[in-house]
Amino acid sequence: MMNAKVHQLLNTQINKEFYSAYLYLDFSNYFKARGLDGFANWYMVQAQEERDHAMLFYQYLQNENQDVTLDAIAKPDKTFTCDMDVLKAGLEHEEYVTSLINDIYAAAYDVKDFRTMQFLDWFVKEQGEEETNANDLITKMELFGSDPRSLYMLNQELAARVYTAPSLVL
Ligand code: FEO
């Protein structure tokens, strides 16, 4: 039987991941309106990945014969005054999600729930990658964002990002 706190945190994470998808869809929407389709694509792919994350938590609970309770997804509430604000909000959000994954991991560790820890290992690694990606984007924007030609090329680079299904299969 799964520990109640671990169960509750895993269930809440479904909502958090769907919110992440919603947030990145909002970022994509922002860049679409700006005419930066490459940035819009990059965040669209990110939104798809977040949806996958939500489904992995959902599937894990179902595989473990645990109840799933779906909650309302909050409205994306960030406002931006410039492109860099969006990128920084993305990094801040990923750092927050990392803290959530760490909290679940700590709760599972406390009750020796090794199966949940093993499941979460993939997310620990994934969060490292997502924070690196968000940081890289900020660095590139700092370097090239103020020059229109360089921004155009960065936009082209981000247009090349394609969605791939998660490597974790449950
Ligand atoms: Fe689901 Fe961006 O972490």
Side-chain angles (χ1 to χ4, degrees), residues 5-32 36 38-64 66 68-80 83-109 113 115-141 154 157-170:
K5 184 180 174 189
V6 173
H7 180 203
Q8 181 253 316
L9 289 172
L10 287 167
N11 191 83
T12 301
Q13 195 62 27
I14 298 172
N15 187 274
K16 299 284 185 184
E17 299 289 347
F18 274 128
Y19 174 77
S20 299
Y22 226 38
L23 184 68
Y24 288 129
L25 209 52
D26 200 40
F27 288 10
S28 182
N29 192 38
Y30 166 91
F31 281 114
K32 187 82 183 164
L36 289 167
F39 283 77
N41 172 67
W42 198 89
Y43 281 112
M44 178 67 79
V45 171
Q46 192 64 30
Q48 288 171 293
E49 288 196 359
E50 298 300 350
R51 177 208 57 205
D52 289 342
H53 296 170
M55 293 307 294
L56 285 167
F57 280 97
Y58 174 84
Q59 192 63 57
Y60 178 68
L61 284 176
Q62 289 211 329
N63 288 359
E64 294 296 309
Q66 300 298 310
V68 170
T69 309
L70 297 176
D71 210 342
I73 300 165
K75 179 179 174 172
D77 58 349
K78 312 250 188 242
T79 48
F80 314 112
D83 300 339
M84 186 60 102
D85 278 357
V86 184
L87 273 48
K88 288 192 170 163
L91 175 60
E92 193 182 315
H93 183 69
E94 285 309 323
E95 288 170 345
Y96 167 65
V97 174
T98 297
S99 77
L100 295 176
I101 299 293
N102 289 347
D103 287 347
I104 310 173
Y105 207 105
Y109 179 85
D113 182 348
R115 202 179 304 157
T116 296
M117 286 160 66
Q118 192 177 48
F119 164 69
L120 289 172
D121 280 341
W122 185 86
F123 285 91
V124 172
K125 188 163 176 281
E126 176 75 3
Q127 281 312 119
E129 287 171 13
E130 300 222 325
E131 284 187 35
T132 299
N133 290 342
N135 258 314
D136 286 353
L137 212 48
I138 289 170
T139 303
K140 285 179 182 172
M141 197 63 159
L154 179 56
E157 179 189 319
L158 299 182
R161 185 181 185 187
V162 290
Y163 166 75
T164 49
S167 54
L168 178 63
V169 179
L170 295 179

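Indexing begins at 1, ligand by ligand and atom by atom, following the structure's order. Treat the numbers as computed from the prediction; the structure is a model and nothing was measured.
Checked against the 6.0 Å centroid threshold, Phe123 and Phe57 count as a close aromatic pair.
Annotation: salt bridge (Lys or Arg N to Asp or Glu O under 4.0 Å) contacts involving residues 49-58, sequence neighbours excluded, comprise Glu49-Arg161.
Residue Tyr105 places its OH atom among more than 12 non-hydrogen atoms of other residues, nucleotides or ligands, all under 6.0 Å distant.
Note on ring orientation: taking the six-membered ring where Trp is involved, the planes of Phe27 and Tyr24 are perpendicular (angle over 60°, cut-offs 30° and 60°).
Side-chain contact check for Lys88 versus Phe80: every heavy-atom pair is 4.5 Å or farther apart. A heavy-atom distance below 4.5 Å is found between the side chains of Leu10 and Tyr60.
Only protein atoms were considered; those of element N, O or S under 2.8 Å from atom 1 (Fe) of ligand 1 number 3.
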